[in-house]
Amino acid sequence: MDIERIDLNLLVVFSTIFSEGGITPAGKKLHLSQSAVSHSLSRLREAFDDPLFVRSGQVMQPTPIARNLYQRVQPLLSNLKQTLNDFSSFDPALSERSFTIGVREPVESVVLPVIVTSLLEIAPQIRISTVRLDRGNLESDLKAGVFDVAIDVLQPLSGSVRHSKLQDDDLVVVARKGHPVLAQSASLDLQRFLRLEHIQVSGRRAGRGIEDIELNRLGHERNIRVRCQNINAALSVVATSDLVVSAGYAYAHEAVRDAKLVVLPFPIEVPSLSLFLYWHQNVDSDPASLWFRDFITEVFQRNISEQSGPD
């Protein structure tokens, strides 16, 4: 039988007649007239070359073909109904959906632990993946659905990409406890900062950080001995050497709890390190995407933005 010749709405009528036991109750449930239901049944009988239902007293008894058809069609209709409902509502506690986040490696170490911890509590079946964010392809990747959302610093993108701020983070300096330069004083002024040797953390192959831009404006330049991609790798080096690293406080906060490190305010005023959540306009109204964006925003407000840098 050619499916293109069958009006799939007829299968809904058939399933309702089967479950309700007659044309009249099926019409009431479907809000159709008795003649409309009868007409649909006639078309189905012609298509399957079978009466499908025969009257027995006040009840329409299904034929063997009708029973076989119902067993096959009903699960399909139920799944289709659930699929359509998913587009108009979203229940994270029951959903098995997968979400993908585009993120750069230094940011991943901060955001992933708190996102997953919160997710396991309220959405036990939802799956999360993180993929490396290529800033040059950020807009096209969001549009194509390579990832559902992205988390990064402010980027110049077109109006088709939406964004909202997740957090402002203070820049701090991290060093090992007992550092010979820092042992002289509990504070860190610019002169002592410039005497230190530094690690720069960046996902780019080259280029200056925001702290270097601000230092250059004052006519200064720090001594960068190591450049790496991962803040955790940098903190491991700092813990066993006299090198220091500058990073957002949120990046260093968890590592400092266990490592023998000290966190100090950055010696000059620099702009806050702001992170933004990005998504494409084509998922603006998608209930699942909307829930996920709200979830990530709430996680940041509760678990990351509440952290404050050192005094």
Side-chain angles (χ1 to χ4, degrees), residues 83-169 201-204 210 229-232 247-251 253-254 271-307:
T83 299
L84 295 176
N85 286 339
D86 286 345
F87 283 97
S88 59
S89 63
F90 181 77
D91 187 347
L94 301 177
S95 176
E96 297 181 1
R97 179 161 173 168
S98 297
F99 290 97
T100 301
I101 305 171
V103 65
R104 297 177 74 82
E105 188 173 359
V107 179
E108 180 185 42
S109 63
V110 175
V111 305
L112 189 59
V114 291
I115 287 177
V116 171
T117 299
S118 299
L119 191 72
L120 292 175
E121 296 176 357
I122 64 174
Q125 300 180 84
I126 286 179
R127 294 176 294 277
I128 292 291
S129 299
T130 56
V131 297
R132 190 180 187 280
L133 183 154
D134 182 345
R135 286 173 176 158
N137 297 323
L138 174 57
E139 184 165 340
S140 60
D141 284 345
L142 284 169
K143 182 177 181 180
V146 174
F147 32 76
D148 298 280
V149 298
I151 299 175
D152 198 13
V153 297
L154 188 62
Q155 298 295 323
L157 302 170
S158 77
S160 63
V161 176
R162 317 296 198 204
H163 68 276
S164 63
K165 184 182 289 188
L166 290 175
Q167 76 167 63
D168 287 322
D169 196 13
V201 180
S202 176
R204 297 174 296 162
I210 188 173
Q229 302 178 81
N230 188 288
I231 183 62
N232 290 325
Y249 181 70
Y251 292 75
H253 180 266
E254 293 298 327
S272 296
L273 303 173
S274 299
L275 279 182
F276 291 81
L277 181 68
Y278 295 90
W279 68 96
H280 198 270
Q281 65 179 6
N282 59 19
V283 296
D284 262 345
S285 302
D286 174 53
S289 180
L290 179 59
W291 172 84
F292 192 52
R293 298 194 303 266
D294 288 344
F295 165 75
I296 290 178
T297 301
E298 181 182 349
V299 165
F300 266 80
Q301 291 175 346
R302 185 175 67 248
N303 295 291
I304 296 179
S305 295
E306 289 180 356
Q307 298 175 358

Please name the pair of heavy atoms, one in [X] and one in [Y], separated by the smallest distance, quoted to 0.1 Å.
X: Pro124; Y: Ala93; result: CD-O, 4.1 Å
X: Ala150; Y: Leu142; result: N-CD2, 4.2 Å
X: Ala247; Y: Ile231; result: CB-CD1, 3.7 Å
X: Ser95; Y: Gln125; result: O-CB, 3.3 Å
X: Ser98; Y: Arg127; result: OG-NE, 3.1 Å

- Task: Decide yes or no on side chain to side chain contact (heavy atoms under 4.5 Å, CB included) for Phe292 and Val283, but give the supporting numbers first.
- Result: CA-CA 11 Å; Phe292 192 52; Val283 296; over 6 Å; no

At what distance, to the nearest 0.5 angstrom, does [atom1] of [X] lie from [atom2] of [Y]?
X: Ser202; Y: Ile210; atom1: OG; atom2: CD1; value: 12.5 Å
X: Ser140; Y: His280; atom1: OG; atom2: NE2; value: 9.5 Å
X: Phe295; Y: Ile122; atom1: CZ; atom2: CD1; value: 5.0 Å
X: Ile115; Y: Leu120; atom1: CD1; atom2: CG; value: 12.0 Å
X: Gln167; Y: Ile151; atom1: CD; atom2: CD1; value: 9.5 Å
X: Tyr278; Y: Asp152; atom1: OH; atom2: CG; value: 6.0 Å

- Task: Decide yes or no on side chain to side chain contact (heavy atoms under 4.5 Å, CB included) for Val153 and Arg135, but give the supporting numbers first.
- Result: CA-CA 10 Å; Val153 297; Arg135 286 173 176 158; 3.5 Å; yes

- Item | Listed partners of Thr130 passing side chain to side chain contact (heavy atoms under 4.5 Å, CB included), at least two apart |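 For Thr130 the side chain to side chain contact (heavy atoms under 4.5 Å, CB included) partners, ignoring immediate neighbours, are Ile101, Val103, Glu108, Leu112.
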
- Contacts of Thr117 that satisfy side-chain hydrogen bond (donor to acceptor under 3.5 Å, both in side chains) - sequence neighbours left out: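 If we apply the side-chain hydrogen bond (donor to acceptor under 3.5 Å, both in side chains) test to Thr117, skipping adjacent residues, there are no hits.
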
- Message: Please evaluate residues Arg293 and Thr297 with respect to the criterion side-chain hydrogen bond (donor to acceptor under 3.5 Å, both in side chains), reporting the C-alpha separation (whole Å), side-chain torsions for both, the decisive distance (0.1 Å), and the verdict.
- Response: CA-CA 6 Å; Arg293 298 194 303 266; Thr297 301; over 6 Å; no

- Kindly indicate, with the supporting measurements, whether the criterion side chain to side chain contact (heavy atoms under 4.5 Å, CB included) is fulfilled by Leu275 and Asp169. CA-CA 8 Å; Leu275 279 182; Asp169 196 13; over 6 Å; no

- Query: With distance as the sole criterion, is a donor-acceptor pair present between the side chains of Ser274 and Ser272 under 3.5 Å?
  - Reply: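 No donor-acceptor contact under 3.5 Å links the two side chains.
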
- Sole candidate of Asp148, Asp284, Asp286, Val161 that passes side chain to side chain contact (heavy atoms under 4.5 Å, CB included) when paired with Trp279: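 Result for side chain to side chain contact (heavy atoms under 4.5 Å, CB included) with Trp279: Asp284.
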
- By ring pair (Phe, Tyr, Trp, His ring centres under 6.0 Å) - contacts of Phe147 (at least two apart):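 Listed in chain order: nothing, the list is empty.
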
- Query: Between Leu133 and Leu138, does a side chain to side chain contact (heavy atoms under 4.5 Å, CB included) hold up when you go through it step by step?
  - Reply: CA-CA 7 Å; Leu133 183 154; Leu138 174 57; 3.9 Å; yes

- Task: Please work out which of the three classes, parallel, tilted or perpendicular, describes the rings of Phe99 and Trp291, given edges at 30° and 60°.
- Result: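 Trp291 vs Phe99 ring planes: tilted.
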
- Message: A side-chain contact here means heavy atoms from C-beta on lying under 4.5 Å apart; do Ser158 and Glu139 qualify?
- Response: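 Side chain of Ser158 against side chain of Glu139, heavy atoms only: contact under 4.5 Å found.
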
